[in-house]
Amino acid sequence: MKTTLHIEWTVADICKGFTYNELEGKGLFGLDGRLTIQPEYQRHYIYNDGKRDVAVIESLLKCYPIGVIYFNRTNDGRFEVLDGQQRITSFGRFVTGKFAIIYGGREEYFSGLPIEEQQKIMQSPLLIYECEGEEREVKEWFKTINIVGIPLNEQELRNAIYSGEFVTAAKRVFSNSQNAEVQKWSHYIKGDVKRQDYLAEALKWVCDSKGMAIDAYMSQHRRDKSISELENYFRSVIDWVSTTFTMVERDMCGLEWGRLYEIYHNTPYSIDHVTERVLALRADVSIKCQRNIYEYVLGSEQDKSLLQIRLFEESMKRAAYDRQTKAAKEKGISNCPLCAIGDNGNKTRIYKFNEMDADHVTAWSKGGTTSIENCEMLCKTHNRSKGNK
């Protein structure tokens, strides 16, 4: 790969024709239209937090270097930002009045700064390397220079490797914070839409349904202009979840909805029954893993291991043992209630504490709580054979 050092370009040169697209889907431009600041393989702008973007401007005002920037020269003689997009977008947004800094104890926009300070920013020299080579070389270099700083996450790297019409179309839907549907999606998907977390989840869902890797799917569809399969499957999952569960709870966010959709979406459910059972189970203090309630109900409440039912505490077991043992001795019967009604030699046996296990008088699956009032001690043999009877 061929590299050329440029020291003649200033902030003013880069900002000439700068356009910041709030919709985030069409890239950013500068250098009088010759520079694409946000090509397809670049992540979204994430410096707009009032700290990192401000730090870039303060560095320029103090004449501090803001680091090496890398451009890629394209086949048509234009440029794309390989590294430096966040810094360029920060000073571009500032000089076009998109945010303010604290200057002289006051909040000031670029237009309100003294002329000499405006000129200091605009005339700041930049250290830029122009890179030229095959796509493979450019992408490899892109990955290398992004090892430092804020690392690219897995999906951001995939977007770079498989950049093209498919990624552009997918980012327009799944990586656009201005998309009105993001609010609804955020109830079920964790992460930052700008860091490609929603796109990553959409790809995972459709790829899992097809039994293929995300990389293979993106490679296969790289030149596609349409993302209809990806978008339709994603919306099918979201619509199924929001229809099946009428409530929106915080612990629903980040569940494996794609997997659950594949397993259960063909099963008919009474929405009223699902709602009733979810709300009842959420109110049960015996359940340690509330996040799994939704899968438990979808599975007809068969797999109780999902809920991690809280066991009786040692103090509860000891109190139940003492209560049963005292009553049993007074009546001359076994302190195991099931042995006491039997006809064998254990009918009057008094078991030691460590020979017994705690059990729900009314089974948990039938509404019994994990409380002292619902705790009874059974001999280990009877406890293991009782089940939910």
Can you tell me how far [atom2] of [Y] sits from [atom1] of [X], rounded to the nearest 0.5 angstrom?
| X | Y | atom1 | atom2 | value |
| --- | --- | --- | --- | --- |
| Y321 | C336 | OH | SG | 11.5 Å |
| D359 | R384 | CG | CZ | 12.5 Å |
| E130 | L82 | CD | CG | 10.5 Å |
| Y47 | Q85 | OH | CD | 10.0 Å |
| R106 | I101 | CZ | CD1 | 11.5 Å |
| R195 | Q155 | CZ | CD | 11.5 Å |

Exercise: do [X] and [Y] side chains pair donor with acceptor under 3.5 Å:
| X | Y | value |
| --- | --- | --- |
| S226 | D224 | no |
| S175 | Q196 | yes |
| R78 | T36 | yes |
| Q302 | S300 | no |
| D272 | T275 | no |

Exercise for the section: Could you name each residue pair satisfying salt bridge (charged side-chain N to carboxylate O under 4.0 Å, His left out) that touches residues 338-354, not counting sequence neighbours? Expected result: R349-E355
Handout entry: Pairs flagged by salt bridge (charged side-chain N to carboxylate O under 4.0 Å, His left out) wherever residues 320-332 is involved - sequence neighbours left out
Key = none
Exercise for the section: Measure the acute angle between the ring planes of Y217 and F166, then classify it against the limits of 30° and 60° as parallel, tilted or perpendicular. Expected result: perpendicular
What are the two closest non-hydrogen atoms of [X] and [Y], and how far apart are they?
| X | Y | result |
| --- | --- | --- |
| E156 | K194 | OE2-O, 4.3 Å |
| Y351 | M356 | CB-CG, 3.6 Å |
| P337 | L378 | CD-CD2, 3.7 Å |
| G368 | H360 | O-CD2, 4.3 Å |
| I372 | M316 | CD1-O, 3.4 Å |
| D197 | I189 | O-CG2, 4.4 Å |

Exercise for the section: Please list all pairs passing the ring pair (Phe, Tyr, Trp, His ring centres under 6.0 Å) test where one or both residues lie in residues 189-214, with sequence neighbours left out. Expected result: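 Of all non-adjacent pairs touching residues 189-214, those that pass ring pair (Phe, Tyr, Trp, His ring centres under 6.0 Å) are W205-F234.
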Handout entry: Pairs where residues 281-307 contributes a residue and the test ring pair (Phe, Tyr, Trp, His ring centres under 6.0 Å) is met, not counting sequence neighbours
Key = F245-Y294
Could you list the donor-acceptor pairs under 3.5 angstrom formed by side chains in residues 53-69, with sequence neighbours left out?
{"unit_1": "D53", "atom_1": "OD1", "unit_2": "G50", "atom_2": "N", "d": "3.1"}
{"unit_1": "D53", "atom_1": "OD1", "unit_2": "K51", "atom_2": "N", "d": "3.3"}
{"unit_1": "S59", "atom_1": "OG", "unit_2": "A55", "atom_2": "O", "d": "2.9"}

Problem - I7 with Y70, same ILVMFWY side-chain cluster at under 4.5 Å - result: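 I7 and Y70: one cluster.
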Problem - Results of side-chain contact (heavy atoms from CB on, under 4.5 Å) for E256 - residues two or more places apart only - result: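 Partners of E256 by the side-chain contact (heavy atoms from CB on, under 4.5 Å) criterion, ordered by chain and then number, come out as R259.
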Handout entry: Criterion salt bridge (charged side-chain N to carboxylate O under 4.0 Å, His left out) against D251, the qualifying member of R282, K190, R291
Key =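 That would be R282.
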Fill in the blank from the handout: Result for ring pair (Phe, Tyr, Trp, His ring centres under 6.0 Å) between W240 and one of Y188, Y269, Y261 points to Y261
Handout entry: Any donor-acceptor pair under 3.5 Å from T96 side chain to R93 backbone
Key =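 Present.
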Exercise for the section: Verify, without hydrogens or angle tests, whether T89 (side chain) and Q86 (backbone) share a donor-acceptor contact under 3.5 angstrom. Expected result: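 Side chain of T89 to backbone of Q86, a donor-acceptor pair under 3.5 Å: no, none is there.
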Handout entry: Aromatic ring proximity, centroids under 6.0 angstrom, Y162 and H221
Key = no
Exercise for the section: Identify whether NZ of Lys or CZ of Arg in R318 sits under 6.0 Å from the centre of the six-membered ring of F353 and within 45° of that ring's axis. Expected result: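 Output yes; distance and angle both within limits.
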